There are 2 protein chains.
Amino acid sequence: MSATDAAEPAGAPAGGAGPADGAGGAAAGVAASVTGSVSPAGSVRAATMFDVARVAGVSHQTVSRVLNNLPGVRASTRVRVEQAMTELSYVPSPAARTLASRRSQTIGLIQAGRPDYGPSNAALAFNEAAHAANYTVTQAGMRDFDAASLRAAVQMMVRHNVEAIVLISGERQALDIIRGIERSVPLIAVSSEDVGGFHRVAMNQYEGARLAVEYLISIGHTDIAHVAGPADSMDATERVRAWSDTLAAHALPQRPAIIGDWQSTSGYAAGRAMIGARDPAHPLPTAVFVGNDQMALGVLHAFRDAGVRVPGEVSVMGFDDIPEAAHFAPPLSTMRQDFSGLGRDIMAVVLDVLVDEQKAGDRAGRVSEMVVRESTAPPRTGAARSAR
Amino acid sequence: MSATDAAEPAGAPAGGAGPADGAGGAAAGVAASVTGSVSPAGSVRAATMFDVARVAGVSHQTVSRVLNNLPGVRASTRVRVEQAMTELSYVPSPAARTLASRRSQTIGLIQAGRPDYGPSNAALAFNEAAHAANYTVTQAGMRDFDAASLRAAVQMMVRHNVEAIVLISGERQALDIIRGIERSVPLIAVSSEDVGGFHRVAMNQYEGARLAVEYLISIGHTDIAHVAGPADSMDATERVRAWSDTLAAHALPQRPAIIGDWQSTSGYAAGRAMIGARDPAHPLPTAVFVGNDQMALGVLHAFRDAGVRVPGEVSVMGFDDIPEAAHFAPPLSTMRQDFSGLGRDIMAVVLDVLVDEQKAGDRAGRVSEMVVRESTAPPRTGAARSAR
DNA sequence: TCGGGCTGTCCGAGGGTGTCG
DNA sequence: CCGACACCCTCGGACAGCCCG
């Protein structure tokens with residue numbers, strides 16, 4: 001489909017580098033000039049409301065009314081204007097519209113932190129949804145966020161008259177900073193914590209983590225460790241809470257969670273720490289619930305290095321289900337999160353907010369789905385274990 | 001003389017708050033509202049050029065001259081104006097500026113394809129570099145790109161007066177489509193192929209791949225297979241070419257490359273295919289050069305499933321050095337690519353282009369750096385091999 | 001007295017959006 | 001219903017006046 005009509009009137013006749021060969025300038029060209037007026041200089045100027053008005057035989061305000069779907073335009077007139085717009089392939093100027101109305105049909109997207117699988121996919125889906133809803137998105141991404149950068153980004157967006165600012169970042173700190181910045185536009189943030197001051201979109205981290213731990217318990221584990229994401233991550237906090245609560249609900253003992261930074265290397269360190277602490281009195285746990293798949297990979301690596309068999313001696317459960325997880329050694333059991341859905345949810349909330357800021361609700365529904373692969377299994381019985 | 005009395009006769013507060021009105025009452029009032037004027041309604045209106053002019057005791061043109069760094073402004077005046085701008089924290093209105101000058105200080109970024117590690121990091125670094133250079137970036141991301149979506153994105157950007165369009169996508173097809181779209185702004189694309197019609201930024205894929213294969217040969221391999229990225233990927237094509245050329249340069253035999261889609265699962269399929277095709281007449285290769293780390297993970301998985309030891313029986317080399325690669329089983333030898341550097345390169349080219357479209361050169365310098373870990377080793381000798 | 005460097009006034013754009021009549 | 005008019009905010013060209021050497 002896409003390939004076929006790629007042939008477009010080959011641009012730049014001058015400067016000489018069109019689609020070199022193949023493209024074959026075939027295409028019936030044309031269409032180019034129908035689009036706008038040609039100034040004496042030869043450059044095409046996009047059609048304006050006035051051009052449309054002239055062609056339709058009305059005033060430019062009427063064109064404006066048609067454009068904004070305002071009442072007070074006879075149907076027949078409306079049609080004439082619409083035809084004129086089509087004929088001239090008229091498109092309103094965003095700059096002029098923004099200047100006059102202070103509305104920009106633009107959403108500001110701030111992405112703070114590493115471009116990991118989750119955030120990247122959510123941002124992409126959000127982007128697609130925004131464009132589908134006819135919004136433009138101006139983006140400010142920053143790996144390291146500090147108050148100054150965040151403030152600069154917000155101010156830049158505000159002066160661009162964005163209609164809403166979306167924050168995709170799991171870091172509590174980024175959210176706190178942005179919440180604190182004086183701004184005149186609504187803020188929609190991905191946040192697992194409901195601290196107020198913004199519109200919230202989230203996945204149900206608590207429930208997802210609970211399901212994971214319940215599963216491990218259901219297959220017989222009673223000593224379940226946890227490798228958590230960074231303390232500043234709201235998602236990590238929720239998962240820790242769910243892990244802890246669930247163990248408590250089953251009256252199971254719990255070890256202190258080991259804190260990582262979402263990266264594999266920290267998972268490796270966590271794995272080594274568990275192994276290093278091992279002694280007759282403190283055996284390895286029989287299962288480890290890891291905060292994300294990347295860290296789980298590191299844990300797997302540490303165990304492999306130490307000759308700890310997974311899931312033979314220890315079961316490992318991840319979180320996220322990144323595409324690679326199915327190919328870890330062993331293939332990782334994990335909780336799948338629908339990041340694309342999250343991205344679409346974000347835009348849905350934005351749209352709600354733009355209609356009525358008061359009535360807009362949050363969206364925190366999506367629950368992860370369990371994917372059982374080969375890194376989890378029932379624990380060996382005491383007998384079998386010592387018989388090793 | 002202080003700026004305060006520069007003012008024009010205080011106009012009646014009646015007429016609303018346009019630059020047209022007297023803007024009187026300045027005297028003491030100025031200091032009060034440092035940030036902007038307060039309209040009768042109470043909402044703060046951002047300061048305009050006229051406000052700055054009044055405070056600095058000059059005309060708005062002079063402010064404009066200072067703003068645009070035009071000559072013909074006495075140094076002392078310039079300073080006064082700048083102080084006034086600071087005092088009012090004046091920031092020019094992007095919309096008005098764009099409307100009047102047709103320049104927007106905005107770069108359009110089109111990202112086509114999956115948000116993988118490489119593109120995501122390059123895009124992030126580009127974004128940071130753009131903001132550092134005081135440019136705004138409006139983004140259009142699309143997982144699946146077809147001519148229509150791409151065209152829509154370009155048109156949207158053009159009508160927003162972006163000063164350049166950046167395309168981050170390894171897909172030849174996306175590039176071809178965009179090249180073909182009539183547009184009035186320069187296009188800067190990440191592309192490993194120099195087909196003309198746009199400004200090019202790239203990493204030296206050929207050289208990186210050549211180094212990888214040379215390395216395998218240097219440690220004794222003579223039967224080196226290749227698992228390539230999709231045919232539509234320019235990077236993949238370059239790597240295939242380098243692999244093939246290098247084998248030829250050493251007069252080594254070569255197998256047909258197996259095509260994947262960059263994802264682990266396709267790597268797994270490729271691995272199985274190699275194993276399945278094995279028979280006494282067609283033994284496994286002693287080394288596999290894989291197009292990226294994700295697919296290498298899949299290959300490792302397939303080999304593990306089949307009991308093929310890595311690097312004992314087959315060495316595996318990846319490409320990219322994603323953060324997880326160090327934790328694969330075994331830790332993967334690979335070629336590290338500096339995606340952040342690529343992102344910065346993109347912005348550098350954009351800046352060059354904006355200064356002088358003709359003189360701007362391409363940037364295709366960066367070569368990957370080899371990272372040897374545990375998935376590669378010299379092949380076992382024939383004797384040792386059969387002795388297994 | 002004259003030539004130049006700074007600045008100010010005076011518009012016309014730029015492409016729309018409101019309100020009023 | 002629909003047209004007039006004012007306004008959003010900035011750019012930039014035309015032109016004149018001022019100060020200074």
Side-chain angles (χ1 to χ4, degrees), chain A residues 36-37 39 41 43 45-54 56-81 85 88 90-105 159-161, chain B residues 1 3 6-8 11 14-21 23 36-37 39 41 43 45-54 56-81 85 88 90-105 158-161:
Chain A
S37 320
S39 70
S43 64
R45 173 176 58 77
T48 73
M49 284 182 68
F50 295 86
D51 299 322
V52 175
R54 182 162 15 87
V58 298
S59 75
H60 78 280
Q61 0 282 8
T62 299
V63 176
S64 175
R65 288 182 184 115
V66 171
L67 212 55
N68 299 318
N69 243 312
L70 294 179
V73 180
R74 195 181 315 166
S76 62
T77 305
R78 187 178 295 272
V79 171
R80 276 217 321 286
V81 171
M85 296 200 297
L88 300 175
Y90 163 76
V91 182
S93 152
R97 187 197 282 266
T98 300
L99 178 58
S101 70
R102 291 161 178 289
R103 270 170 285 118
S104 63
Q105 282 282 328
R159 96 183 179 213
H160 272 269
N161 291 292
Chain B
M1 137 175 189
E8 312 126 272
D21 77 342
S37 316
S39 70
S43 64
R45 173 176 58 77
T48 74
M49 278 182 62
F50 293 86
D51 299 320
V52 175
R54 181 169 11 96
V58 299
S59 74
H60 80 279
Q61 328 283 18
T62 299
V63 175
S64 177
R65 288 176 184 130
V66 169
L67 216 53
N68 299 317
N69 243 314
L70 295 179
V73 178
R74 194 184 321 170
S76 61
T77 304
R78 186 177 295 271
V79 170
R80 274 218 320 288
V81 172
M85 298 199 299
L88 300 175
Y90 163 76
V91 182
S93 151
R97 188 198 280 270
T98 299
L99 179 59
S101 69
R102 292 161 177 289
R103 269 171 285 118
S104 63
Q105 282 282 327
V158 168
R159 96 181 179 217
H160 271 270
N161 291 293

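Just so it is clear, the structure is predicted and the values come from calculations on it, not from any experiment. Sequence lines set the chain letters: A, B, ... in the order given, protein chains first and strands last, and positions in each chain run from 1.
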Next on the checklist: Looking at every heavy atom in both A:Thr62 and A:Val81, which two are closest together, and how far apart are they?
Outcome noted: CG2-CG2, 4.5 Å
Next on the checklist: Rounded to whole Å, how long is the line connecting atom CG of A:Leu99 with atom P of D:dC8?
Outcome noted: 9 Å
Checklist entry - Taking only N and O in the side chain of B:Thr48, is any of them less than 4.0 Å away from OP1 or OP2 of D:dC9? => result no
Checklist entry - With a 4.5 Å heavy-atom cut-off, do A:Arg97 and A:Leu67 have their side chains touching? => result yes
Item to check | Distance-minimising heavy-atom pair for B:Ser93 and A:Leu99 | outcome: OG-CD1, 4.3 Å
Checklist entry - Between atom CZ in A:Phe50 and atom P in C:dT17, what is the gap in whole Å? => result 11 Å
Checklist entry - CZ of B:Arg102 versus P of D:dC11: gap in Å, rounded? => result 15 Å
Checklist entry - Going from CZ on B:Arg54 to CG on B:Leu88, what distance comes out if it is rounded to the nearest 0.5 angstrom? => result 8.0 Å
Checklist outcome for this item: Here the pair of heavy atoms bringing B:Pro92 nearest to A:Arg159 is O-CD, 4.3 Å
Checklist entry - In whole Å, what is the span from the CZ atom of A:Arg80 to the C1' atom of D:dC2? => result 11 Å
Next on the checklist: Between A:Val58 and A:Arg65, does the side chain to side chain contact (heavy atoms under 4.5 Å, CB included) criterion hold? Intermediate values first, please.
Outcome noted: CA-CA 11 Å; A:Val58 298; A:Arg65 288 182 184 115; over 6 Å; no
Item to check | Between P of D:dT10 and CG of B:Asn161, the distance in whole Å | outcome: 17 Å
Checklist entry - Which pair of non-hydrogen atoms, one from B:Tyr90 and one from B:Thr48, has the smallest distance, and what is that distance? => result CE1-C, 3.5 Å
Item to check | Phosphate contact (D:dC1 OP1 or OP2) by A:Arg78 side-chain N/O below 4.0 Å | outcome: no
Next on the checklist: Using C1' atoms of five pairs at each end, report the bend of the helix from C:dC2-D:dG21 to C:dG21-D:dC2 rounded to 10 degrees.
Outcome noted: 40°
Next on the checklist: Just to be sure I understand the rule, does A:Thr98 reach a base, reach only the sugar-phosphate, or reach nothing, if contact means heavy atoms closer than 4.0 Å?
Outcome noted: nothing
Checklist entry - Under 4.0 Å between a side-chain N/O of A:Arg97 and OP1 or OP2 of C:dT17, yes or no? => result yes
Next on the checklist: Categorize A:Arg103 for me: base, sugar-phosphate, or nothing, with a 4.0 angstrom heavy-atom threshold over every strand shown.
Outcome noted: sugar-phosphate
Next on the checklist: Just so I know, are the side chains of B:Val63 and B:Val66 near enough to count as touching, which here means a heavy-atom distance under 4.5 Å?
Outcome noted: no
Checklist entry - Just by modelled atom types, is the A:Pro94 backbone N or O under 3.5 Å from a matching donor or acceptor in the A:Thr98 side chain? => result yes
Item to check | Interatomic distance, A:Leu67 CG vs C:dG18 C1' [rounded to whole Å] | outcome: 14 Å
Checklist entry - Using a cut-off of 4.0 Å on non-hydrogen atoms, how would the nucleic acid contact of A:Val52 be classed: base, sugar-phosphate, or nothing? => result nothing
Checklist entry - Any side-chain N or O of A:Ser64 under 4.0 Å from OP1/OP2 of C:dG16? => result no
Next on the checklist: Would you say B:Tyr90 places a side-chain N or O within less than 4.0 Å of OP1 or OP2 belonging to D:dC9?
Outcome noted: no
Checklist entry - Just how far, in rounded Å, is P of D:dC1 from CG of A:Asn69? => result 15 Å
Expected rows: protein N/O vs nucleotides 9-11 of chain C N/O, under 3.5 Å:
| from | atom 1 | to | atom 2 | distance (Å) |
| --- | --- | --- | --- | --- |
| C:dC10 | N4 | B:Gln61 | NE2 | 2.0 |

Item to check | Residue pair A:Ser64 / A:Met49, side-chain heavy-atom distance below 4.5 Å | outcome: yes
Checklist entry - Between atom CE in A:Met49 and atom C1' in D:dC5, what is the gap in whole Å? => result 14 Å
